[in-house]
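Reminder, nothing fancy here: chain letters follow the sequence lines and each chain counts from 1.
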Amino acid sequence: METLIETKDVSFYYNFGEENQSDEILHGVSLSIPKGQFIAVLGHNGSGKSTLAKHFNAIYLPSGGTVYVDGLDTLEEDKLFEIRRRIGMVFQNPDNQLVATVVEEDVAFALENLGVPPDEIRRRVDEALQTVRMSDYAKHAPHQLSGGQKQRVAIAGVLAMAPSCIVFDEPTAMLDPQGRREVMDTILDLSRQQGTTIVMITHYMDEAALADRVVVMDDGRILLDGVPRKVFADVELMKSVGLDVPQVTDLSFRLRQKGIPLPADVLTPEEFADALVAYLEGAPDQGGTQETGDA
Amino acid sequence: MSVVKVESLSHVYGKGTPFEKTAVDGVDLEIQQGEFVGVIGHTGSGKSTLIQHLNGLLKPTQGRVLINGKDIWAKGADIRRTRFEVGLVFQYPEYQLFEETVYKDIAFGPRNMGLREEEIRDAVADAVRFVGLKAKHMERSPFELSGGQKRRVAIAGVIAMRPQVLILDEPTAGLDPKGRDMILEQIKRYHEQTGSTVLLVSHSMEDIARYTTKLLVMNHGRIFAYDEPQNVFARADELIALGLDVPQVTHVFSLLRQRGYEIASKPPLTVEEASEEILRYLMRRKGNGTC
Ligand SMILES: Nc1ncnc2c1ncn2[C@@H]1O[C@H](COP(=O)(O)OP(=O)(O)OP(=O)(O)O)[C@@H](O)[C@H]1O
Ligand SMILES: Nc1ncnc2c1ncn2[C@@H]1O[C@H](COP(=O)(O)OP(=O)(O)OP(=O)(O)O)[C@@H](O)[C@H]1O
Ligand SMILES: [Mg+2]
Ligand SMILES: [Mg+2]
């Protein structure tokens, strides 16, 4: 598959080469993200997730190594516009994103910079606000919104851009459960229907379970990289690096330790219910979760 | 005695403007000393607005707020003291952090309370341990930290004041799972050791189910329920209709019930409870000789 983002042996220091240069934050990270993939990035606080993600649209430039976006080297200044056009980013804190004084202007902001015609801007802004259910707040000021409402508007701004890749930095951290489901549905829809490449940083294991691939960062390095079913199956390893697994994966793990033969790679409530019912009814495990691991 | 009492409280933002919004609408609430209250509700339901009244950050449009029986806005009342008694950790830590170093930020509250320098140092050291920050972060600017690290500084700043009522607005948003469990455990310990009252606003049904003794459910500026968590989570369909949910393991038990397996009379709220219920069920089955 064609590669969209490629980091090669990237190292990074804040304030590189200056007096107040930080410790090394990223230690030679190499990662290749194919076009159309939905990848979840996990890792403890301060492990370097946001720092790495900001390399994908050239907000940060590597101190060592290289980052290519669709074949464009992020170190080449004249490529910046092309890179930012391809990679949209939803920041961890919406306040760093919301720049205009009116919600709809904010959502239109990037589109204006991209030179999109006014009618088209109008259409895309309305559609994006509708997707995140914030149409009623189009004329509000961002500071008049609740925490979760701000987060929705920040997401709308990037949806309106319709870039070929969106980097979401903890997009659901402030959302209610329904809002989280809706955002995850939107992300899955972008991924499956529009072929958008998705990089999603999250601390919610059940969200990461929906991705095609999970990358686990630990102290500025990539520790694990694989399909969710494989990554989450090692409950003890995940917990040892400060992470977790979905509740049902944990439940299955605990019961297995008590001698109940449930599969190690259960990821959703439905799968767990299937597996337990199969066990109770004495049937061989037909959830088939083990075999479909790479699907 | 109730430590927090709210009487027909309403809050209207932008009164008389096109954006007028009644964010809290005639709320009556009484919280007993020593309770650990979870606050849940859909986006924009008025949670942050309500709790900002409890330490006087927002002034009621209507109604009264009483802390330890005293109206905090009564003539001659000392609102500054209320802010020491009722500590509030903001939803976005950036709103709370402003000093040039992490140490100064955490020391800000204790210093304002008039503590002596070595008392301040102790209070900061305790708070730093509480949230699991590293010593090397102390002299850094709070703005040069990761999202989860900032959150820890914001929590430490309020803990350092050892408030009688501790209010946390989404304290675990942005924390990694280990940090989340660690800090919630610390809050629980603080709650138990000091007998303080805790209000925890959260969208994580899992965290709410694990720690709280009472659950306040907000819906469009009003109270939908104020009850024990078990009773609230038994109303799964209503919660989902409000944009909320039940913990994932609780959901598993209703799936099993739909398939004809009544594993437990009351659905479990945590992974530990779920595991025990299933094991107990299996034992019972064995005992009955059905397999
Ligand atoms: N502006 C900055 N200057 C110096 N160091 C920084 C700066 N921003 C972040 N750091 C440090 O870089 C490291 C990685 O931070 P980063 O924000 O990438 O972590 P993260 O994995 O996104 O964490 P979180 O889950 O808390 O958001 C942390 O140790 C942090 O303290
Ligand atoms: N400063 C403000 N001016 C006008 N309206 C506001 C202001 N702050 C909040 N609101 C509105 O009041 C309502 C309640 O907001 P509040 O922040 O209390 O919600 P919340 O329950 O904390 O939501 P969330 O879960 O998203 O944090 C929302 O509809 C919001 O748009
Ligand atoms: Mg981050
Ligand atoms: Mg809020």
Heavy-atom side-chain proximity of A:R254 to B:E272 below 4.5 angstrom: yes
CD1-CD1 distance between B:I278 and A:I260, expressed to the nearest 0.5 angstrom: 9.0 Å
Heavy-atom closest pair, residues A:D274 and B:R259: OD1-NH1, 2.5 Å
Flag side-chain contact, heavy atom, 4.5 Å: A:V248 against B:V271: no
Interface moiety of A:M238 toward chain B, non-hydrogen atoms closer than 4.5 Å: neither
Residue A:D206 versus chain B: region with a heavy atom under 4.5 Å: side chain
Any A:L280 side-chain heavy atom under 4.5 Å of B:L282 side chain: yes
Atom CD of A:E18: over 12 foreign heavy atoms under 6.0 Å: yes
B:Q248 and A:F272: CA distance, side-chain angles, deciding distance, side chain to side chain contact (heavy atoms under 4.5 Å, CB included) verdict: CA-CA 11 Å; B:Q248 197 182 47; A:F272 180 88; over 6 Å; no
Flag if over 12 foreign heavy atoms under 6.0 Å of CZ, A:R256: yes
Under 4.5 Å from a heavy atom of chain A, the part of B:Y261 involved: side chain
Part of B:L244 lying under 4.5 Å from any heavy atom of chain A: both
Heavy-atom contact with chain A under 4.5 Å, split by part of B:E94: side chain
A:D95, part contacting chain B, at a heavy-atom distance under 4.5 Å: side chain
Toward chain A, the part of B:P93 with a non-hydrogen atom under 4.5 Å: neither
Side chain to side chain contact (heavy atoms under 4.5 Å, CB included) between B:V249 and A:D250, worked out: CA-CA 10 Å; B:V249 285; A:D250 196 9; over 6 Å; no
Which atoms of B:R140 approach chain A - backbone, side chain, both or neither, heavy atom under 4.5 Å: neither
Portion of B:T43 that has a non-hydrogen atom of chain A nearer than 4.5 angstrom: both
Proximal component of B:H251, with respect to chain A [non-hydrogen, under 4.5 Å]: side chain
Greatest number of heavy atom pairs closer than 4.5 Å to chain A - which of B:T172, B:L255, B:L145: B:L255
Reported CG-to-OH distance for the pair A:N93 and B:Y95, which is rounded to 0.5 angstrom: 7.0 Å
Interface residues of residues 172-182 of chain A facing chain B - heavy atom cut-off under 4.5 Å: A:A173, A:M174, A:L175, A:D176, A:P177, A:Q178, A:R181
Most chain B-contacting option - heavy-atom pairs closer than 4.5 Å, from A:K239, A:Q151, A:K139, A:K49: A:K139
Among the listed options A:P94, A:S47, A:A141, the residue most often paired with chain B at heavy-atom distances under 4.5 Å: A:P94
Structural part of B:S275 lying under 4.5 Å from a heavy atom of chain A: both
Atom NZ of A:K54 with >12 non-hydrogen neighbours under 6.0 angstrom: yes
Flag for B:R152-A:N45: side-chain donor and acceptor within less than 3.5 Å: yes
Choice from A:Q149, A:K150, A:E170, A:H140 maximising heavy atom contacts with chain B below 4.5 Å: A:H140
Exercise: do B:E206 and A:Y204 side chains pair donor with acceptor under 3.5 Å: no
Per-residue contact mode, A:Y137 against chain B (heavy atom under 4.5 angstrom): side chain
Within 6.0 angstrom of B:E100 CD, more than 12 heavy atoms from elsewhere: no
Heavy-atom check, side chain of B:L175 versus side chain of A:H203, under 4.5 Å: no
B:D237 atom CG, over 12 foreign heavy atoms within 6.0 Å: no
salt_bridge(B:R180, A:D244) N-O dist < 4.0 Å: yes
Pick from B:G260, B:G174, B:G44 with the largest number of heavy-atom pairs that fall under 4.5 Å of chain A: B:G174
Closest contact, heavy atoms only, A:G242 versus B:P177: O-CD, 3.5 Å
Proximity breakdown for B:M205 and chain A, heavy-atom pairs closer than 4.5 Å: side chain
A:L42, part contacting chain B, at a heavy-atom distance under 4.5 Å: neither
For chain B, the option from A:G148, A:G147, A:G46, A:S146 that forms the most heavy-atom pairs under 4.5 Å: A:G147
